[in-house]
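Note that this is a predicted model, so its numbers are computed, not measured. Residue numbers start from 1 in every chain, and the chains themselves are labelled A, B, ... in the order their sequence lines are given, proteins ahead of strands.
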2 protein chains.
Amino acid sequence: MDAGSQKRSAPSWQMIHDGILDAVLRQRIEPGAKLVEEEIAQVYGVSRTVVRAALQALARDGLVILQRNKGASIARPTPEEAREIFEARALIEPEIAARAARRMKPSDAAALSASIDAEHHAFHADNPREAVFHSADFHRRIAALAGHAVFAELLNELLSRSSLVISLYWRRPATLCDNEAHLALATALSSGDEAGAARLMREHVEALLADLDLLPRRHSASGLSAALLPAASQSCKDILQATIAEIDDPGE
Amino acid sequence: MDAGSQKRSAPSWQMIHDGILDAVLRQRIEPGAKLVEEEIAQVYGVSRTVVRAALQALARDGLVILQRNKGASIARPTPEEAREIFEARALIEPEIAARAARRMKPSDAAALSASIDAEHHAFHADNPREAVFHSADFHRRIAALAGHAVFAELLNELLSRSSLVISLYWRRPATLCDNEAHLALATALSSGDEAGAARLMREHVEALLADLDLLPRRHSASGLSAALLPAASQSCKDILQATIAEIDDPGE
DNA sequence: CAAGGCTGGATTGGATACAATCATTGTGTA
DNA sequence: TACACAATGATTGTATCCAATCCAGCCTTG
């Protein structure tokens, strides 16, 4: 209801914003990739004006870095920023889990199961990126169940930035404990165990943080790496076009 | 240093963003006030392009509501949203206080004292709005001392929105316990008492929430009240001009 | 041969013009 | 008189245009 009534006033740049956001969440755009306004404008068939609005919105989300006269590029969180993002999640998400456990209805368990299954399926299909995407979706759905709009917004931003962190600093793409943790969480949530859900969530997020490879080294000098890995920026246009095609043709 | 190095790439709309933000924090613009692009553009001597960017940034901060083809207006948090904002603060700020207590240096105490003094002074000068502004500034400085950029960003947004909540739902403009709480907090922080600072902060924020008048009644029908109290929207231009004058002439 | 300056292309920043939409007022009619 | 409807003015949404800036490659020069 809440989201539905707002749909009528959807800004036109929202589509571009969501398209790039989706590409980030699915790790189809690498951190540091250059986002040229004209290219995106051609992909979506609009003028640069609308693209600029979308890029500024993404910059407010912390996903895009805008440098004056130098354009937009996908953000590259520093190791310290990465740690801070997961520390913030470790504080907020247990509270969200507790509230979700308190308000859960039996019908809500299905949504969580669907997300877990999707993650499980993608994992076994040897598609770790999609698995990570659905993993974040699981956390997002819990936030939706908590019925707390402000917490949900805060977490949404943190989850988006977590995708960047994961593509930069994720150590092992094959982690089984992830699914275990999600299953245990879903069980605690469904049984209304507030304290247990909060504890499991805190441990889960702390485990995620511990699995990051946050070395003090500069992962690679910002400008240099972008020059060394131009694949992302070259294929940015194609990635967005593919994303659009998927949206138009939801029969995935 | 951190902010200084970023200054070179300051976007041009930042000035307008900060101007409107300052007007909100000082409660010179009332929630619900209409923000007409052309007026703001004339005040700042720029075109609507830059103003639109600033308004979109403010919308991402939750301070401005953008409705398609209906323009921008200062947000009016619902009572539920107001409660959620302070619940989020009650969760985040104790953690910030604990981290600040851990990292405090003796020289940092001065900044906190200055903020408390300014609040105290404004309060005794019978200027409750300015007192509220400095009260928020006190919380902001603690976040800066905590040395955690993500928490600081999250709190910054919550503090800005709190200003809207306070101007809508604040019950008693004459609260002495505020200063008491801030003094006790500053003492705990200066002495490095993590647990005490966290506890005091949580109690303080919960007291703030308890002092809000969150009745289920619609505070007033949105359109009607705007018509009954057109002062805010009419003087929006003047408010911004006055704000600019103050910035240009800092000898307040 | 290396270092520094310069020019050309590409890209962004901002202003302006025009189209689209909304709110308000006025008018005609039942 | 009250309601429906159309015209008008105001405001926003988007595209396009031009100036400002940056980047890369080349050239000059010590």
Side-chain angles (χ1 to χ4, degrees), chain A residues 5-17 19-20 32-60 64-74 221-230 232-234 236-237 240, chain B residues 6-17 19-20 32-60 64-74 221-228 230 232-234 236-237 240:
Chain A
S5 60
Q6 295 255 75
K7 190 181 179 181
R8 51 183 289 254
S9 63
S12 67
W13 47 263
Q14 189 81 44
M15 194 186 318
I16 302 174
H17 174 277
I20 297 177
K34 184 82 190 297
L35 299 174
V36 181
E37 296 175 356
E38 183 64 33
E39 284 185 18
I40 303 172
Q42 286 181 358
V43 169
Y44 285 91
V46 295
S47 84
R48 280 174 45 216
T49 308
V50 189
V51 175
R52 285 176 61 82
L55 290 177
Q56 282 166 3
L58 288 162
R60 299 300 297 181
V64 158
I65 297 295
L66 290 178
Q67 286 174 302
R68 192 174 175 87
N69 289 321
K70 288 182 61 180
S73 54
I74 304 293
S222 59
L224 287 174
S225 85
L228 292 172
L229 302 172
S233 66
Q234 281 184 354
C236 156
K237 192 173 172 180
L240 290 177
Chain B
Q6 295 254 74
K7 191 181 180 183
R8 50 181 290 254
S9 63
S12 67
W13 47 263
Q14 189 80 42
M15 193 185 317
I16 301 174
H17 174 278
I20 297 176
K34 184 82 186 295
L35 298 174
V36 181
E37 296 174 357
E38 184 65 33
E39 284 185 19
I40 303 172
Q42 286 181 358
V43 169
Y44 285 91
V46 295
S47 83
R48 282 173 45 217
T49 308
V50 189
V51 175
R52 285 177 65 82
L55 291 177
Q56 281 168 2
L58 289 162
R60 301 288 314 167
V64 158
I65 297 294
L66 289 178
Q67 287 174 300
R68 191 177 175 87
N69 289 322
K70 289 180 63 180
S73 54
I74 303 293
S222 59
L224 287 174
S225 85
L228 291 173
S233 65
Q234 280 184 354
C236 154
K237 193 173 173 180
L240 290 178

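Rounded to whole Å, the distance from CD1 on B/Ile40 to P on D/dT12 is 9 Å. Between B/Glu38 atom CD and D/dG9 atom P the separation is 18 Å, expressed in whole Å. In this entry the distance linking CG of B/Asn69 with P of C/dA20 reads 12 Å, nearest Å. Counting to the nearest Å, the C1' atom of C/dG14 and the CD atom of A/Gln56 are 12 Å from each other. Nucleotide D/dC23 holds its C1' atom 18 Å from the CZ atom of A/Arg68, rounded to whole Å. When rounded to the nearest whole Å, the span between CE of B/Met15 and P of C/dG13 equals 16 Å. In this structure, CD of B/Glu37 is placed 16 Å from P of C/dG14, rounded to the nearest angstrom. Straight-line distance from the OH atom of A/Tyr44 to the P atom of D/dA15: 15 Å, rounded to whole Å.
With values rounded to the nearest 0.5 angstrom, B/Ser47 atom OG is found 12.0 Å from B/Gln42 atom CD. Taken to the nearest 0.5 Å, the CZ atom of A/Arg52 stands 14.0 Å off from the CH2 atom of A/Trp13. Interatomic distance, CD of B/Glu37 versus OG1 of B/Thr49, reported as 9.0 Å (0.5 Å rounding). Once rounded to the nearest 0.5 Å, the distance linking CG of A/Leu55 with NE2 of A/His17 reads 10.0 Å. If you take CD1 on B/Ile20 and CG on B/Leu35, they are separated by 5.5 Å, rounding to the nearest 0.5 Å.
Contact annotation: A/Lys70 does not reach the phosphate of C/dT11 (side-chain N/O to OP1 or OP2, under 4.0 Å).
Comparing D/dC22, D/dT14, D/dT11 by their closest approach to the side chain of A/Ser47 singles out D/dT14. You'll find that the side chain of B/Val46 is closest to C/dA15, out of D/dG13, D/dT12, C/dA15. Here C/dG14 is the nucleotide among C/dC22, D/dG13, C/dG14 with the atom lying nearest to any side-chain atom of B/Ser12.
Residue-to-nucleotide contacts include no donor-acceptor pair under 3.5 Å from the side chain of B/Arg52 to the base of C/dG14. Taking 3.5 Å as the limit, the base of C/dG13 and the side chain of A/Arg48 contain a donor-acceptor pair of atoms between them.
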